[in-house]
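Here's the structure, in structure tokens; my notes come after.
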Amino acid sequence: MFFAVISILPEMFCAIKEYGVVGRAVKNQQVQIRLINPRDFTQDNYRRIDERPFGGGPGMVMMAEPLKKAILHAKAMAADAGCNVDAGKCPVIYLSPQGETLSESVVAQMPKLDGMILLCGRYEGIDERLIARYVDGEISIGDYVLTGGELPAMVLMDSVIRRLPNVMGDDLSAEQDSFVDGLLDCPHYTKPIDFYGDKVPPVLLSGHHANIAKWRFLQQVKRTKARRPALWQAFVPNKQQAKWLKDLED
């Protein structure tokens with residue numbers, strides 16, 4: 001999968017390109033990450049990409065022209081990488097607190113794309129005309145404000161890349177994470193069996209896979225009810241899960 005990131009701080013992305021699961025995916029050529037600095041598309045000696053907002057007010061606004069050129073450059077790179085840009089298979093995503101909230105259901109659709117062009121804002125934001133003309137969608141990672149779009153872009157990339165085939169060491173690991181089935185994850189345990197008197201639940205040592213699956217599901221239910229009741233209210237169990245829930249009620 002192809003990613004182009006437009007940012008005035010491309011150095012920040014060493015954190016994701018060179019380490020962990022994503023770094024391994026880059027090394028194995030399962031993912032391409034290209035970094036584009038919009039300052040490279042300015043025409044003045046100061047490489048200026050921001051100006052004061054019309055109408056007054058605090059802060060600065062990123063100008064449309066260098067960002068437009070950076071986006072067109074990113075689209076050309078995406079096309080060279082085999083992305084079907086014209087068919088919308090490599091959309092331009094602006095990381096913005098005004099965007100759609102990133103969720104597991106949103107992430108689940110993204111591996112179907114050829115790639116993404118991620119636009120990282122700074123200062124007070126981006127000239128609205130650039131957004132209207134060149135941005136296909138906006139994504140937020142939560143109802144709070146950060147100093148820029150770089151960290152949200154890395155969050156989005158991490159959440160998408162880990163879902164790509166063969167990126168995780170065990171694909172089942174991604175399938176069993178929190179939110180994938182609409183519930184929070186169950187508790188996990190490893191050695192030692194006895195940690196200062198706190199022991200691993202016996203069912204996990206039983207080797208009985210059906211009982212373990214039931215225990216894990218009911219732990220998910222318990223945790224979700226307690227911590228995220230809105231998630232629980234929206235959850236629709238499958239046939240087996242409904243039976244386990246009935247056993248719990250009985």
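Below, each value reflects all heavy atoms present in this structure, side chains not excepted, and no hydrogens, waters or symmetry copies.
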Mark yes when over 12 heavy atoms from residues, nucleotides or ligands other than Asp44 sit less than 6.0 Å from its CG; otherwise mark no. yes

Least distance between heavy atoms, Arg24 atom then Val167 atom: NH2-O, 3.3 Å

Would you compute the distance between atom CE of Met110 and atom CD1 of Ile161 and round it to the nearest 0.5 angstrom? 12.0 Å

Any side-chain heavy atom of Gln240 within less than 4.5 Å of one from Lys214? no

Tyr19, OH: over 12 other non-hydrogen atoms inside 6.0 angstrom: no

Any salt bridge between Asp185 and Arg216, counting N to O under 4.0 Å? no

Looking only at heavy atoms, what is the nearest atom pair of Ala242 and Pro237, with distance? N-CB, 3.9 Å

Report yes or no: do Thr101 and Ser103 form a side-chain donor-acceptor pair below 3.5 Å? no

Under a 4.5 Å cut-off applied to non-hydrogen side-chain atoms, are Ile71 and Leu130 in contact? yes

Whether the side chain of Asp136 engages the backbone of Val92 through a donor-acceptor N/O pair (distance < 3.5 Å, no angle test) should be reported. yes

For a side chain to side chain contact (heavy atoms under 4.5 Å, CB included) check, start with the C-alpha distance between Leu95 and Leu118, then their side-chain angles and the critical distance, and finish with the verdict. CA-CA 7 Å; Leu95 285 306; Leu118 303 179; 4.0 Å; yes

Sidechain-backbone polar pair: Asn84 side chain, Lys89 backbone, donor-acceptor under 3.5 Å: no

Should we count CD1 of Ile193 as having more than 12 external heavy atoms under 6.0 Å? no

Answer yes or no: does atom CZ of Arg133 have more than 12 heavy-atom neighbours from other residues, nucleotides or ligands under 6.0 Å? no

Treating Thr224 as the side-chain partner and Trp232 as the backbone partner, does any N or O pair qualify as donor plus acceptor under 3.5 Å? no

Taking every non-hydrogen atom, the tightest pair across Gln220 and Cys186: CG-N, 3.6 Å

Pairwise side-chain contact, Trp244 with Val221, heavy-atom cut-off 4.5 Å (strictly under): no

Looking at Ala15 and Met154, what are the two nearest heavy atoms and their distance? CB-SD, 4.4 Å

So does Met12 get a backbone contact from the side chain of Glu150, meaning a donor-acceptor N/O pair under 3.5 Å? no

Taking the side chain as every heavy atom from C-beta outward, state whether Phe41 and Lys68 have any atom pair closer than 4.5 Å. no

For Asp40, does its backbone N or O pair with a side-chain atom of Asn37 as donor and acceptor, under 3.5 Å? no

Specify the closest pair of heavy atoms between Ile36 and Ala74, including all atoms of both residues, with the distance to one decimal. CD1-CB, 3.5 Å

Using the rule given for side chain to side chain contact (heavy atoms under 4.5 Å, CB included), can you reason through Leu67 versus Ile49, listing the C-alpha separation, both sets of side-chain angles and the distance that settles it, and then say yes or no? CA-CA 8 Å; Leu67 293 178; Ile49 46 80; over 6 Å; no

Cys120 and Phe13: CA distance, side-chain angles, deciding distance, side chain to side chain contact (heavy atoms under 4.5 Å, CB included) verdict: CA-CA 12 Å; Cys120 303; Phe13 289 86; 4.1 Å; yes

Evaluate the side-chain proximity of Val106 to Glu100: yes if any heavy-atom separation is below 4.5 Å, no if none is. yes

Hydrophobic cluster membership, Ile131 vs Phe54, 4.5 Å side-chain cutoff: no

Quick check on the hydrophobic clustering: are Val200 and Phe217 connected, directly or via other members, by side-chain heavy-atom contacts under 4.5 Å? no

Surrounding NZ of Lys69 (heavy atoms of other residues, nucleotides or ligands, distance under 6.0 Å), is the total greater than 12? yes

Where the side chain of Asp127 meets the backbone of Arg129, is there a donor-acceptor pair that is under 3.5 Å apart? yes

If you take all heavy atoms of Val107 and Ser159, which pair is closest and at what distance? CG1-O, 3.3 Å

